[in-house]
Amino acid sequence: MPESLTRDENAANVPNKSFFITTPIFYVNDAPHIGHAYTEVATDVLARWHRQSGDDTWSLTGTDEHGQKILRTATANGVTPKEWADRLVESAWRPLIDTINISNDDFIRTTDARHEEGVAKFLQKLYDEGHIYAGEFEALYCVGCEEFKPKSEIVDGTGAFEGEKVCAIHSKPLELLQEKNYFFKMSAFQDRLLALYEERPDFVQPASARNEVIAFVQQGLEDLSISRTSFDWGIPIPWDSSHVTYVWFDALLNYATAIGYGSDDEQFARRWPATHIVGKDILRFHAVIWPAMLMAAGVEVPEHVFAHGWLLVGGEKMSKSKLTGIAPNEITDTFGSDAFRYYFMRAISFGHDGSFSWEDLHARYHAELANGFGNLASRVVAMNAKYFGSVMPGAVESEISDEDRAIRELAAAVTAAADEHIERFAVHEAIAAIWQLVDALNGYVQEQQPWALAKDEAQQDRLATVLATATEGLRALAELLHPVIPLATAKLWAALGAEDAIGALAAQPLRSAGQWGRLPAGTPQQPLAVLFPRVESENESK
RNA sequence: GGGGCGUUAGCUCAGUCGGUUAGAGCAAAGGACUCAUAAUCCUUCGGUCGUGGGUUCAAGCCCCACACGCCCUACCA
C-alpha cells in the first residue's frame, strides 16, 4: 500500500491540476445528428467529472465556418457566408448544446476575431521561421464546379469517359491544373512525430487508433498545402492577401486561439496542453497534422488525442443518405437529455463503434434508469417520509451490521474504480462500476426489509440505521452520477435536502463521494418526483 | 493494392500476463416480497469462443492461412 499512499500524496500536492478538454468544432453546414451529440456528451462527462473533482477544468466546443462548401451554400441561399453561418449557429449548433445539456466553458467560432487574429499570428510565425514556402499545387479541377476536387468527389468515368477521372457531380472529365499555394513543411516532422508516438504510448488512444496513425506516418508524410486562391471565404494569409487559409489548418488552431494563443499568454499557459476528443474519421488531423503544426511553432503538443468510434444503426455507419441519421431531439423529446447522455455513455464502449437501436435505448432506459436508479431513489425517499416524517434518519452505532459496512466499502471502492476508469477514458466502465452500487443498494433494501422493521417497535434503531445507509448511498450516487445525468441527480439532491445541508451538488468533491456519513441526521427532505417516467413503446422504427 | 479493427449465449457486449467448471446485462421461465415508477430480490435456462492448421503441459487469448463484416488510404461526429 505504500505505493498508493505516495500517489495520493502527490495528487494532493498538485492542487487544481489543469484539465483542458475539447470537442472538434462542427462544420456548420452539417445538420446536427446523434453522432455529433455523442462526441459532445462524452467530452462533457469527462469535463464535468474533472471539474467536480476539483481540477482546473476548461471545456471547449464550437463551430468551423470557413471553406468553399459554406460559401457555395450561402450564395445559393442569397446571403453572405457569415450570415449563413450565423443562422446555422443560432438555429442548429447552439441549440444542440442545450438539447443534451452540455456544460461547456466556451464556444468558439472560426469567424471570431480572436480566432482570426490568432491564426494570422501563428501563420506569420511559421512563415518567418521558414516552415512555410510557396509552391505549385497540382490537382484535378472541374470546370462545372469551378473548383479543385477532393478525392472523395472524384470517380472513374464510364461510357465515353472510360478510363478517365470525372467529377462525381458533373460526371465530366477533370483537368489537371496548377495553382500557386503555400505549403507547410510537414514532412520535416515525420521523425519527431514517430518519436512522440513511441515515447508517449498514451498520446493517441485507444491503441487501435495509435496503430493506424503510426502506420500512416511511417508511409511517409508529404508537405501540406495550406492556402487557396480559388475562393475568398477564409482567413487571409497574412503576407499574401490573395490567398486564404486551408480550412483544416484554420480549424485546428481553434484549440489554441480559444484559450488566448497570441493574445493572452497567461491564460494560454494555464490551460494548454489540451485533451482532444475526436471522431475516428478526423483522427489524422489531430494526431499528425496538428502536433506537427505545434512542433513547428514551438508549442507543446496535446496531452492526449482520443478517437472514439462510430454509432452504428442497423450495423452500418449512420448516414443521412441512408436515412439512418437521427436528430438528438428525436431522442431527448421522449426520453430526456439525461437518458440520452446515460444511454450512449453506458451502452457503448468508448473508443469502439457501438450499435444504436430504439429497442436497446427503450430497454436500458427502463431496466437501468427507471427500475434501477430511479426506483431506488423513489423507494428510499418514500420510506424516509413514511417512517421518519421526511428527515434524514440517524444511524445507530450499535445497529451497524456487516451488510451496512459492505455498502460503505463498496461505495468507496466504486468511487476509486470510477475515477481510475475516467482517467483512462473508459467512461462506460466508470458508469458500470458506479452501477454496482445502485444494484447493491436495491439488494440491500430488499434483504433488510425496512417495511418489516417498521412494524416492530423494538426495531426502530435498526430501521433508522438501514434507511440512513440507503440514503447515504443515494447521496453518494447523486454525486457520482452527476456528471452523467445532471438533471436527475439535481432533483434527487433537492429531495434529500442536501443543498442546504452540505452545499451545491456540483461542488461536492467527486473523489470523496465514497466517504460515509456526510449527510447529517435530521436533514429535512422533500418529496421526490419520478426521475425517469416510464415511456410507453410506440412507433419506434426498427 | 496497402493498412486498421472486429467475429464469444436469442440480443448487446466483457474477457487482464496463455492457467482449473468462458462472464455480465437484457430477453425467457419459475419463485419470494410489498417500501417503491407492476418496481425489487433469488433461482433456472442458454455458448463446439467465425473456419482450418500450428506452437504449448495448457489457447477465446500467441503464430499462419482463409471466410465474412466495418473502416482508413490526405478537407464528414
Side-chain angles (χ1 to χ4, degrees), chain A residues 23-27 29-30 32-40 42 64 67-69 148 150-153 186 206-216 218-219 221-222 224-225 228 246-251 277-285 288-289 307-312 315-320 325 346-349 351-357 359-360 363-364 366-372 374-387 428-429 432 435 439 441-454 466-467 470 528-534:
Chain A
T23 72
I25 50 175
F26 300 111
Y27 205 60
N29 254 16
D30 294 337
H33 56 59
I34 58 176
H36 301 110
Y38 176 59
T39 309
E40 286 282 347
D64 181 8
Q68 194 158 20
K69 271 192 214 166
F148 287 98
K151 275 196 174 177
S152 56
E153 293 180 31
M186 189 162 71
S208 55
R210 174 172 177 263
N211 292 343
E212 287 215 21
V213 167
I214 291 173
F216 172 74
Q218 281 175 339
Q219 286 167 24
L221 290 180
E222 296 171 14
L224 185 71
S225 164
R228 298 290 185 271
Y246 165 53
V247 67
W248 262 108
F249 201 91
D250 160 0
I277 305 298
V278 301
K280 66 182 183 182
D281 56 319
I282 55 172
L283 171 64
R284 183 164 305 164
F285 298 96
V288 180
I289 298 176
H308 69 246
W310 299 116
L311 302 185
L312 305 179
E316 291 188 8
K317 175 182 168 183
M318 188 179 56
S319 87
K320 273 181 289 182
R346 174 66 192 268
I348 296 169
S349 179
H352 290 102
D353 291 352
S355 303
F356 168 82
S357 72
E359 291 78 5
D360 192 40
R364 282 184 181 271
H366 289 97
E368 296 167 18
L369 289 175
N371 300 350
N375 184 57
L376 172 68
S378 186
R379 66 197 302 208
V380 171
V381 171
M383 283 190 280
N384 285 336
K386 195 164 184 170
Y387 305 137
H428 56 294
E429 290 183 35
W435 226 257
D439 292 336
L441 282 167
N442 265 323
Y444 169 84
V445 170
Q446 193 64 32
E447 285 168 19
Q448 300 305 314
Q449 303 183 55
W451 52 90
L453 297 173
V466 167
L467 288 179
L528 178 64
V530 170
L531 293 178
F532 297 99
R534 305 189 71 76

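Every value quoted in this text rests on a predicted model; they were computed, and no experiment measured them. In what follows, chains are A, B, ... by sequence order, proteins preceding strands, each numbered from 1.
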| field | Candidates B/U37, B/A74, B/C35 - which lies nearest the side chain of A/Trp451 | value | B/C35
| query | Expressed as a whole number of Å, how far does the P atom of B/C42 sit from that of B/A22? | reply | 23 Å
| Which base sits across from B/U40 as a Watson-Crick or G-U pair, both distances under 3.5 Å? | B/A32
| query | B/C17 pairs with which nucleotide, Watson-Crick or G-U wobble, both distances below 3.5 Å? | reply | none
| request: Examine B/C5: is either OP1 or OP2 under 4.0 Å from a nitrogen or oxygen in the side chain of A/Asn211? Give yes or no. | output: yes
| request: Indicate, with a heavy-atom threshold strictly under 4.0 Å, whether A/Gly374 touches base, sugar-phosphate, or nothing. | output: base
| remark: For B/C62, the nucleotide meeting Watson-Crick or G-U wobble distances (both under 3.5 Å) is B/G54
| message | Counting the atoms with a prime plus P, OP1 and OP2 as sugar-phosphate, which does A/Pro450 contact under 4.0 Å by heavy atoms, base, sugar-phosphate, or nothing? | response | nothing
| request: Could you let me know what B/G25 is paired to, Watson-Crick or G-U wobble, both distances under 3.5 Å, or none if it's on its own? | output: B/C11
| B/G47 to B/U12 separation - C1' atoms, rounded to the nearest Å | 15 Å
| said: Of the options B/C41, B/C76, B/U37, whose atoms approach the side-chain atoms of A/Lys69 most closely? | reply: B/C76
| message | Nearest to the A/Ile282 side chain among B/C5, B/C76, B/C41, which nucleotide is it? | response | B/C76
| task | Provide the distance between the two C1' atoms, one in B/U73 and one in B/A27, to the nearest whole Å. | result | 41 Å
| said: Evaluate A/Tyr444 against A/Val466 for side-chain contact (heavy atoms from CB on, under 4.5 Å), listing each step before the verdict. | reply: CA-CA 9 Å; A/Tyr444 169 84; A/Val466 167; 3.8 Å; yes
| said: Parallel, tilted or perpendicular, judged at 30° and 60°: which one describes the rings of A/His308 and A/Tyr38? | reply: perpendicular
| query | What is the base-pairing partner of B/G69, counting Watson-Crick and G-U wobble geometry with both distances under 3.5 Å? | reply | B/C5
| Quantified in whole Å, what is the P atom distance between nucleotide B/U56 and nucleotide B/G50? | 23 Å
| Would you find a donor on one side and an acceptor on the other, under 3.5 Å apart, between the side chain of A/Asp353 and the backbone of A/Gly309? | no
| request: Only one of A/Leu441, A/Val445, A/Leu528 passes side-chain contact (heavy atoms from CB on, under 4.5 Å) with A/Arg379; say which it is. | output: A/Val445
| N/O donor-acceptor pair, side chain A/Asn375 with base B/A36, under 3.5 angstrom | yes
| query | Between B/U43 and B/G54, how far is it from one C1' atom to the other, in whole Å? | reply | 43 Å
| request: Provide, to the nearest angstrom, the distance between the CD atom belonging to A/Gln218 and the C1' atom belonging to B/C72. | output: 16 Å
| remark: Across every strand shown, the nucleotide meeting Watson-Crick or G-U wobble geometry with B/A74 (both distances under 3.5 Å) is none
| request: Consider the side chain of A/Ala382, meaning its heavy atoms from C-beta on, and name the nucleotide among B/C35, B/U40, B/C13 that approaches it most closely. | output: B/C35
| query | Rounded to whole angstrom units, what separation is found between the CZ atom of A/Arg364 and the C1' atom of B/A27? | reply | 13 Å
| note | Of B/G3, B/A39, B/C33, the nucleotide closest to the side chain of A/Arg534 is B/A39
| request: State which of B/C41, B/C72, B/C35 makes the closest approach to the side chain of A/Asn442. | output: B/C41
| If you round to the nearest 0.5 Å, how far is OH of A/Tyr27 from NE2 of A/His36? | 12.0 Å
| task | Tell me what A/Tyr246 touches on the nucleic acid: a base, only sugar-phosphate, or nothing, going by heavy atoms under 4.0 Å. | result | base
| query | With sugar-phosphate meaning primed atoms plus P, OP1 and OP2, does A/Leu221 contact a base, only sugar-phosphate, or nothing at under 4.0 Å between heavy atoms? | reply | base
| said: When the C1' atoms of B/G4 and B/C11 are compared, how many Å lie between them, rounded to an integer? | reply: 27 Å
| message | So if I take every side-chain heavy atom of A/Arg379 and compare against B/U40, B/U12, B/U37, which nucleotide ends up nearest? | response | B/U40
| request: Side chain of A/Ser378 only, please: which of B/U37, B/G3, B/C33 is the nearest? | output: B/U37
| field | Closest contact, heavy atoms only, A/Arg346 versus A/Arg364 | value | CG-NH1, 3.8 Å
| said: Rounded to the nearest 0.5 Å, what separates atom CG in A/Asn371 from atom CG in A/Asn442? | reply: 9.0 Å
| task | Let me know, please, whether A/Gln449 or A/Tyr38 comes out on the 5' side of the other along RNA chain B by nearest nucleotide. | result | A/Gln449
| said: Can you work out whether A/Ala215 or A/Tyr387 has the more 5'-proximal nearest nucleotide on RNA chain B? | reply: A/Ala215
| task | Look at A/Asn371 and B/U40 and indicate whether a side-chain polar atom (N or O) is within less than 4.0 Å of OP1 or OP2. | result | yes
| field | Nearest-nucleotide pick for A/Phe216, side chain only, options being B/C5, B/A74, B/U37 | value | B/A74
| message | Does A/Glu368 reach a base, just sugar-phosphate, or nothing at all? Heavy atoms under 4.0 Å. | response | sugar-phosphate
